[in-house]
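One structure is given here, and the rest of the page talks about it.
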Amino acid sequence: MKPKSQIVNLPVYKPGKPIEEVKRELGLEHVIKLASNENPYGSSPAVLEAMTRELANVSIYPDGSAAELTAVLAKHLGVERDNLIFGCGSDEIIALITRAFFLPGDETIMADQTFSVYKSNADIEGAVTIEVPLKNGTHDLPAMLAQINDKTKAVWVCNPNNPTGTIISEQELISFMDRVPSNVMVVLDEAYYEFVTDEAYPQSISLIDRYPNLVVLRTFSKIYGLASLRIGYGIARPEIIDLINRVREPFNTSRFGQVAAMAGLQDQAFVQECSKRNAEDREWLQNEFSRLGLPYFPSQGNFILVDVNMPSVEAFQSLLKQGIIVRSGFHVYPTYIRVSVGTAEQNRAFIAALENTLAENVAARP
């Protein structure tokens, strides 16, 4: 059976290594996962209560339109219901956008080191990806703008960028949007929106009325702690949402995901506390990297990309043997690892393990 030619060499997405697998492979009893940017504080107690109540409905299909969740989120964001679409994580909405709009030969623009799912989905649809180098770890919007031509279908901007954690400001975004042709979609991925503390960060939803080609993506996987339930959402003009909905599979979000998201939205005190702790622990980690003389990108997410001055795969393996899972393998930054911000205890354990890894690397040099 012959597959699409464009998927034959497509790499399979590799998520952060599971804790259970590391314990089994290395015979470890205690493992800390700081690889997938999950919320180390879990989810709101209200979420667990809502899911427990929903167990009685496990045999019933979910509401395919997520009507109740749509109403709750629309009120929370201050948008209309027809501005919203939900997906199996925001990853699915990325796939739906490419399915709805991309034709073979179309071009799409993104950074050269950003969330890999943009490129893989474009590849599946036969689109041509134009990768623009980051500038100091940040999207180079003028350079991206210069790549737009008659074949360009969409531009992807991850803000904060994964894996660097850097942001573009509202002023930079507006200047960019003013120059992007109205027939070119700009997808602004704000998966880490709730962790940002920089006041220059865009208030992007308010810009959708001004720019009909703007699509904003967010998720419940990160600060809301619902990663296993796979529910994310997109915000855009109704005419774009309508087209994306036409290629969405029925029942693409679960009953548990929908009720958990509603419960999470209603506990903003939990969200604010997690954001506060993340900011404090992020600063602590960055100070530790400075103490160790390790360059890093100042982050606005719940992760940091740090240069460990050795091949990242070697650092990954050394940390893994000590029970710490991080992320490596960034082609533009081959000596960098990405570490998620954990609890204070987890962060201390990571730094202790990292010091061991750095000492081993120095000792191994000829």
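Residue numbers run from 1 in the order of the sequence given. Hydrogens, waters and symmetry mates are skipped; everything else that's a heavy atom, side chains included, is used.
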Qualifying residue, where the test is side-chain contact (heavy atoms from CB on, under 4.5 Å) with Met177 and the options are Leu188, Val186, Leu207, Leu141: Val186
Under the side-chain hydrogen bond (donor to acceptor under 3.5 Å, both in side chains) rule, collect the residues that match up with Glu280, sequence neighbours excluded. Lys276
Got a donor-acceptor contact below 3.5 angstrom from the Glu125 side chain to the Asn121 backbone? no
Below 4.0 angstrom, N of the basic side chain to O of the carboxylate: do Asp281 and Arg277 qualify? no
Report the relative orientation of the aromatic rings in Tyr233 and Phe220; use parallel for angles under 30°, tilted for 30 to 60°, perpendicular for over 60°. tilted
Is it true that Lys153 and Glu107 have a side-chain N and a carboxylate O under 4.0 angstrom from each other? no
By the definition ring pair (Phe, Tyr, Trp, His ring centres under 6.0 Å), identify the one residue from Phe297, Phe289, Phe303 that meets it with Tyr336. Phe297
Under the side-chain hydrogen bond (donor to acceptor under 3.5 Å, both in side chains) rule, what do Asn213 and Ser182 come out as? Steps first, then yes or no, please. CA-CA 6 Å; Asn213 54 333; Ser182 60; over 6 Å; no
Report the residue from Asn161, Asn162, Thr164, Asn159 that forms a side-chain hydrogen bond (donor to acceptor under 3.5 Å, both in side chains) with Thr114. Asn161
Salt bridge (Lys or Arg N to Asp or Glu O under 4.0 Å) for Glu355 and Arg291? Distances and angles first, verdict last. CA-CA 11 Å; Glu355 288 181 307; Arg291 176 180 68 81; 3.0 Å; yes
Selection residues 173-193 - residue pairs positive for salt bridge (charged side-chain N to carboxylate O under 4.0 Å, His left out), sequence neighbours left out: Asp178-Arg210, Glu190-Arg218
Salt bridge (charged side-chain N to carboxylate O under 4.0 Å, His left out) contacts in which one or both residues fall within residues 243-254, not counting sequence neighbours: Arg99-Glu249, Asp242-Arg246
Can you hop from Phe256 to Leu73 via hydrophobic side chains spaced under 4.5 Å? yes
Would you call the rings of Phe195 and Tyr192 parallel, tilted or perpendicular, where under 30° means parallel and over 60° means perpendicular? tilted
